[in-house]
Amino acid sequence: MAIRHGIDLDKARALHERETEDFLARHSRSLELAVRAGEHLLFGVPLHWMDDWPTPRSLFLAVARNARLTDVDGHVYADFCLGDTGAMFGHSPAPVAEAIARESARGLTAMLPGEDALWVAEELSRRFGLPVWQFALSASDANRFAIRWARAVTGRDRILVFNGCYHGTVDDVFVDLAGGQATPRSSLLGQVYDLTEHTRVVEFNDLAALEDALGDCRVACVLAEPAMTNIGMVLPDPGYWEQAQAIIRRHGSLLLLDETHTISCGPGGYAAAHGLRPDMLVLGKPLAGGLPAAAYGFSAELAARAQQAKRAAPPGHSGIGTTLSANRLACAAMRANLAEVMTEDNYRIMFERAGQLAQGLRELFARFALPWCVTQLGARCEFQFTARPPRNGSEAEAGQDEELERCIHLYLLNRGLLITPFHNMLLFSPHTSEADGQHLLEAFSAWLEGTVA
């Protein structure tokens with residue numbers, strides 16, 4: 001009998017075969033569309049990572065509303081993925097949908113500012129404590145632009161990231177530690193130059209490594225999520241960021257925080273909740289209620305340096321910005337979302353229900369004597385196949401098990417429960433009910449009943 005992480009693999013695999021057959025039998029319309037999609041879409045999906053779900057063929061969606069999805073075969077799901085944070089406040093929040101409908105008749109994009117952009121910048125300044133802002137279409141773009149500004153104002157060419165990080169499709173960040181050495185990530189397609197020439201990487205929570213990597217004063221900025229979320233959640237040690245910020249500033253580097261996922265911590269993200277003082281901050285995904293939009297902010301001192309660098313440069317394209325950035329539709333959606341959806345009251349509901357599920361999962365794993373842990377980050381929680389929460393990306397990666405994840409995810413999906421496909425993250429919107437959480441616990445318990453060794 002093969003045992004892994006307390007699970008009998010033979011039982012899990014046999015159950016997974018039955019679940020695969022059940023999915024195929026109940027999703028005839030999705031299967032029809034998958035055949036069509038295979039003719040004109042690479043990998044049969046609009047973007048190749050949509051093929052990473054645990055389903056044997058792609059699941060095609062018909063409707064997404066609040067915290068519910070309905071597929072083309074009429075099956076309804078409680079959505080704990082929420083577009084991997086893009087729909088963190090629910091699908092099509094009413095104020096955002098109304099703003100989009102209203103603004104779409106007034107003009108979609110014009111390369112000229114409107115009052116909504118000013119209102120959004122003022123509100124972001126109030127929430128995040130950074131007085132000056134710029135907009136982009138995605139957090140990937142915002143991170144890319146912020147790195148360029150950091151290099152421009154410091155005159156330095158290096159950046160530093162944490163092992164196992166994810167900051168979108170920014171080339172510079174796809175560097176991992178392998179045997180203690182910085183190595184370009186092997187999964188990165190089409191890369192033709194050595195990323196390690198300009199990117200350094202250290203483990204999260206390792207203050208000595210951070211100090212050493214910044215010691216020659218060549219690093220323009222440290223790009224970080226305040227808590228790692230994409231390799232599996234990794235929280236900072238107590239006091240880590242207080243000391244890390246001091247190290248970063250002592251060596252003249254800038255701190256660039258990516259709050260795209262950690263906005264789950266509250267209306268001002270992790271930084272506001274825990275007193276961090278970044279030089280720049282990026283926010284994307286849920287900012288416009290699911291419409292493509294992102295923003296990045298500057299401290300007053302850094303904004304002055306950025307304006308000086310731009311004015312001192314020769315005329316021409318800066319390499320920063322895209323034509324559709326800050327379009328009228330996105331600005332209207334951001335304003336509505338910030339004003340009426342990303343509220344203290346909604347966060348309170350999200351925190352409470354995420355906390356209930358996190359505690360329920362801990363009790364479930366204890367009942368089955370499983371060496372698994374549960375981590376919560378505001379409205380987000382995650383279970384990991386490790387006895388204690390990982391402290392860095394290497395520990396988080398070592399605890400991952402793609403086969404078990406696929407078995408669990410498909411079993412839950414066949415029972416009307418959708419969780420994030422890339423790891424075991426569960427996200428709560430204001431519309432996610434206590435009953436949804438209880439349903440997930442009951443279904444998970446049933447899977448464990450049939451698979452625990």
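All values below were derived from every heavy atom in this structure, side-chain atoms included, with hydrogens, water molecules and symmetry-related copies excluded.
Looking at heavy atoms from C-beta onward, F135 lies in side-chain contact with L124 at the 4.5 angstrom threshold. Between F174 and L188, the closest side-chain pair of non-hydrogen atoms falls below 4.5 Å. No side-chain heavy atom of L329 sits under 4.5 Å from any side-chain heavy atom of T109. Between D212 and V202, every side-chain heavy-atom pair lies at or beyond the 4.5 Å cut-off. Between Y77 and R68, every side-chain heavy-atom pair lies at or beyond the 4.5 Å cut-off. Using a 4.5 Å cut-off on side-chain heavy atoms (C-beta onward), N392 and F162 make no contact. L69 places a side-chain heavy atom less than 4.5 Å from the side chain of H91. Counting heavy atoms from C-beta outward, F422 and N230 have side chains that stay 4.5 Å or more apart.
Remark: the backbone N or O of V219 is paired with a side-chain donor or acceptor of R156 at under 3.5 angstrom. A donor-acceptor contact shorter than 3.5 Å links the side chain of S140 to the backbone of T169. With hydrogens and angles disregarded, no donor-acceptor distance shorter than 3.5 Å links the side chain of Q384 to the backbone of T386. With hydrogens and angles disregarded, a donor-acceptor distance shorter than 3.5 Å links the side chain of N346 to the backbone of V341. A donor-acceptor contact shorter than 3.5 Å links the side chain of N143 to the backbone of A139. Listed for the Y296 side chain is no donor-acceptor partner under 3.5 Å among the backbone atoms of A142. Side-chain N or O atoms of R127 include one that pairs as donor or acceptor with a backbone N or O of L338 at under 3.5 Å. Between the W372 side chain and the H5 main chain, a donor and an acceptor come within less than 3.5 Å of each other. The backbone N or O of G316 sits nowhere less than 3.5 Å from a side-chain atom of S318 that would complete a donor-acceptor pair. At least one donor-acceptor pair closer than 3.5 Å links the side chain of W133 to the backbone N or O of L130.
The structure places CG of L418 at 7.5 Å from CG of L59, a figure rounded to the nearest 0.5 Å. Here the CE-NE2 distance, from M350 to H431, works out to 9.5 Å after rounding to the nearest 0.5 Å. The line from CG of L82 to OG1 of T420 is 8.0 Å long, rounded to the nearest 0.5 Å. Note: Y166 OH to E225 CD = 10.5 Å, rounded to the nearest 0.5 Å. For the atom pair F428 CZ and S264 OG, the distance stands at 12.0 Å (nearest 0.5 Å).
Annotation for F60 and G44: closest pair CZ-O, 4.4 Å, computed over non-hydrogen atoms. Between I231 and A396 the shortest heavy-atom distance is O-CB, 3.6 Å. Heavy atoms only, all atoms of each residue included: D84 and H261 are closest at O-NE2, 3.7 Å. Minimum interatomic distance between A67 and T432 (heavy atoms only, all atoms of both residues): CB-OG1, 3.8 Å.
The number of heavy atoms from other shown groups lying within 6.0 Å of CZ (R277) does not exceed 12.
Ion pair R305/E301 flagged as a salt bridge, since at least one NZ, NE, NH1 or NH2 atom sits closer than 4.0 Å to an Asp/Glu carboxylate oxygen. Note on R328 versus D116: no salt bridge recorded, every NZ/NE/NH1/NH2 to OD/OE distance being 4.0 Å or above. Using a 4.0 Å cut-off between charged nitrogen and carboxylate oxygen, R391 and D206 do not count as a salt-bridge pair. Salt bridge E123/R335: absent, no basic N to carboxylate O contact under 4.0 Å. Salt bridge annotation for R200-D216: present, with a cationic side-chain nitrogen under 4.0 angstrom from a carboxylate oxygen. With respect to the salt-bridge test (charged N to carboxylate O, under 4.0 angstrom), the residues R151 and D172 qualify.
Aromatic rings from F204 and Y240 are positioned such that their centres are separated by under 6.0 Å. A distance of 6.0 Å or more separates the ring centres of F365 and F385.
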(Q) Go through it in stages, so that I can follow the logic: the residues are F444 and F383, the test is ring pair (Phe, Tyr, Trp, His ring centres under 6.0 Å), and I'd like the CA-CA distance, side-chain angles, deciding distance and then a yes or no. (A) CA-CA 12 Å; F444 205 164; F383 63 91; 5.1 Å; yes

Q | Candidate pair L160 and L223, rule side-chain contact (heavy atoms from CB on, under 4.5 Å), full reasoning | A | CA-CA 6 Å; L160 183 143; L223 170 58; over 6 Å; no

Q: Report the C-alpha separation of D258 and T260 in whole Å, then their side-chain angles, then the decisive distance to 0.1 Å, and conclude whether the side chain to side chain donor-acceptor pair (under 3.5 Å) test is met.
A: CA-CA 6 Å; D258 182 351; T260 296; 2.8 Å; yes

Q: Would you check, one step at a time, whether the test side-chain contact (heavy atoms from CB on, under 4.5 Å) holds for D51 with S58?
A: CA-CA 7 Å; D51 194 38; S58 293; 4.2 Å; yes

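The salt bridge (charged side-chain N to carboxylate O under 4.0 Å, His left out) search around E403 returns R4, R13, not counting sequence neighbours. With sequence neighbours left out, E115 forms a salt bridge (charged side-chain N to carboxylate O under 4.0 Å, His left out) with no residue at all.
The side-chain hydrogen bond (donor to acceptor under 3.5 Å, both in side chains) test with N163 singles out one residue from E397, E203, E395, and that residue is E203.
Side-chain contact of D345 with T343: a donor-acceptor pair under 3.5 Å is absent, judged by distance alone. With no hydrogens or angles considered, no side-chain donor-acceptor pair links H423 and E405 at under 3.5 Å. Donor-acceptor pairing under 3.5 Å is recorded for the side chains of T262 and E259. Counted by atom type alone, T85 and R380 present one or more donor-acceptor pairs between their side chains at under 3.5 Å.
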